[in-house]
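Okay, so here's the structure we're looking at.
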Amino acid sequence: MSSLNLYDTKSRKVSSFKPIKKGEVGIYLCGATVQAPPHIGHIRSGVNFDILRRWLITSGYKVTFIRNVTDIDDKIIHKATHEEIPWWQVAAKYERSFTDAYNKLNVLPPTYEPLATGHITQMIELIKKLIDNGSAYAPGNGDVYLEVTKVKDYLSLSNQKLDDLLVADDADLKFKKDPKDFALWKAAKKDEPSWPTPWGDGRPGWHIECSAMAHAYLGESFDIHGGGLDLIFPHHENEIAQSTAAGFNFANIWMHNAWVTTSGEKMSKSLGNSLQVAEILKKVRGIELRWYLGSAHYRSMLEFSFEALAESATAFKRIEAFLSRSESILGKEVELLIADEFAKAMNDDLAVPQALAFIAESMRIGNSAAEDKKIIAKTAGEIRGALSVLGCDPRDAAFATTQSKNGAIDGLIKLALEQREAARLRKDFVAADQIRDQIASLGITVEDTSSGPRWSY
RNA sequence: GGUCGGAUGGCCGAGAGGCGAGGCUCGGGACUGCAAAUCCCGCUACACGGGUUCAAAUCCCGUUCCGACCUCCA
């Protein structure tokens, strides 16, 4: 069996994955800033990294997966002020909407999901360390800045030069030694939430939380750090700066997922609510949305359209139908198998599109096999195994439906179908079709097969 | 200005020197009382202009267009 190769943003190459500790993987994923409900771009990131995680688990690794929640930032404060409610109510509300979206798309809960505001102590410790070793300074206005010119290899992740960066027009030159120095800690403005520190009351800068929490849960060095493309600079660059300035090795490899785009552009708030996860789930099931979001390679832009989503859902239903047909032929639940070809695709930097081609080919073989149980068990098993890694196993409890498995209903349908079979035998097709139509109007599909009628919800 | 990605058939979406990934849609056929499902066949694409090569969607040079980031961002 092949072994895992992953693309690293820093080296810009695909190379063999070597965990720091044999058999174990530590992953830190930048999660949501909970200031609005999730749109499908946010959740694509969750799905992409969930596929990575599931593949690592399937490959035999013990995975520690940390995904943070940023529950304090400018927008949260702004929204709280605007809505006249405490900041933590804003954060809690949207944190729940993210959790709900993750659950509906079968994104596994992280091993731990730390909140930024729960780790102020760790942040203060880290900042102290940075001040003590001369990497950071507190100019007396209550802020603490990291001195970027003192950081070795600053901007190596995004491959930029410090001098090439555009300087923000409103850069504070009164207290900053260099306009590109960034805040580790921000002094509290009037009526803002704050925490006491040796430098005065304030709140965390944007990047310090991830350095502090990754350190707290994964240690000084860990395997994979992930997030969306736009986090490369400044967020991840600054995380690296803070962590390495503190003497940590930090992340070994960096993985970034690409956007969900609309009309070729990154999603923006101007699109309104239509692309929020909750809205899309009114049109398709969670498993279908997940299938769609996971189907493109994680480093490729995914051009969203409702048409493409609907087509994708159609394709997925075919696979589901194949699995349930297989179950009825086998007379038992399909066993999960991992095919070599599927593993090979996944090991190649999670080449999901190749994996999908494998699924399509297996399904063709399975469908052509009539009722050959050996072939059905293999193809259906390998397909279910693949779906499971992709988080789209229809039998996964996360997608449990409320469909009735009531014996009385099953019996009544069977009775109706017997009536229809009788009508068909006496060539009374008008009556037979009438029964089928009536059953169909209840949302039940009837298919005639060589071994009698088959029905499904 | 700097950094980084794109452009592939009706649509989505892989590939990165040599047998046309795959899916969806559409058309034809097989099967079927019909329908559905399934299978088979078809729809021969790689932004543009040069070049390298026996061979280029893929490599090189140039051009056009689109997008992302440059301290709010998945």
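Rounding to whole angstrom units, CD1 of residue A:I383 and C1' of B:G23 are separated by 13 Å.
Between A:R424 and B:U32 there is no side-chain N or O to OP1 or OP2 distance below 4.0 Å. For the OP1/OP2 pair of B:C39 and a distance below 4.0 Å, the side-chain nitrogens and oxygens of A:N367 include at least one atom meeting the criterion. Contact between the side-chain N/O atoms of A:N159 and the OP1/OP2 oxygens of B:C4 is found at a separation under 4.0 Å. Between A:R318 and B:C24, a side-chain N or O to OP1/OP2 separation shorter than 4.0 Å is present.
Here A:D74 lies out of heavy-atom contact (under 4.0 Å) with every strand. Counting non-hydrogen atoms under 4.0 angstrom, A:D163 reaches nothing in the nucleic acid. A:E307 comes within 4.0 angstrom of nothing in the nucleic acid, heavy atoms only. Residue-level contact check: A:G227 touches the backbone only, with heavy atoms under 4.0 Å from sugar-phosphate atoms and none from bases. Base engagement by A:Y154 is indicated by at least one non-hydrogen atom pair under 4.0 Å involving a base atom. No engagement by A:V352 is indicated, since no non-hydrogen atom pair under 4.0 Å with the nucleic acid exists. Base contact: A:K180 has a heavy atom under 4.0 Å from a base atom. Among the heavy atoms of the strands lying under 4.0 Å from A:N238 is at least one base atom, whether or not backbone atoms are also near. Using a 4.0 Å heavy-atom cutoff across all strands shown, A:I359 reaches no nucleic acid atom at all.
Under the ring pair (Phe, Tyr, Trp, His ring centres under 6.0 Å) criterion, A:F342 pairs with A:W55, not counting sequence neighbours.
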For nucleotides 12-15 of chain B, which of its nitrogen or oxygen atoms have a protein nitrogen or oxygen under 3.5 Å away, and what is each distance?
residue: B:G13; atom: OP1; partner: A:E303; partner atom: N; Å: 3.0
residue: B:A14; atom: OP1; partner: A:H297; partner atom: N; Å: 2.8
residue: B:A14; atom: OP1; partner: A:S300; partner atom: OG; Å: 3.1
residue: B:A14; atom: O2'; partner: A:Q354; partner atom: OE1; Å: 3.1
residue: B:A14; atom: O2'; partner: A:Q354; partner atom: NE2; Å: 2.3

Where do N or O atoms of nucleotides 28-30 of chain B meet protein N or O atoms at under 3.5 Å, pair by pair?
none

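Inter-residue side-chain proximity for A:L130 and A:E147 is flagged as unmet; no heavy-atom pair is nearer than 4.5 Å.
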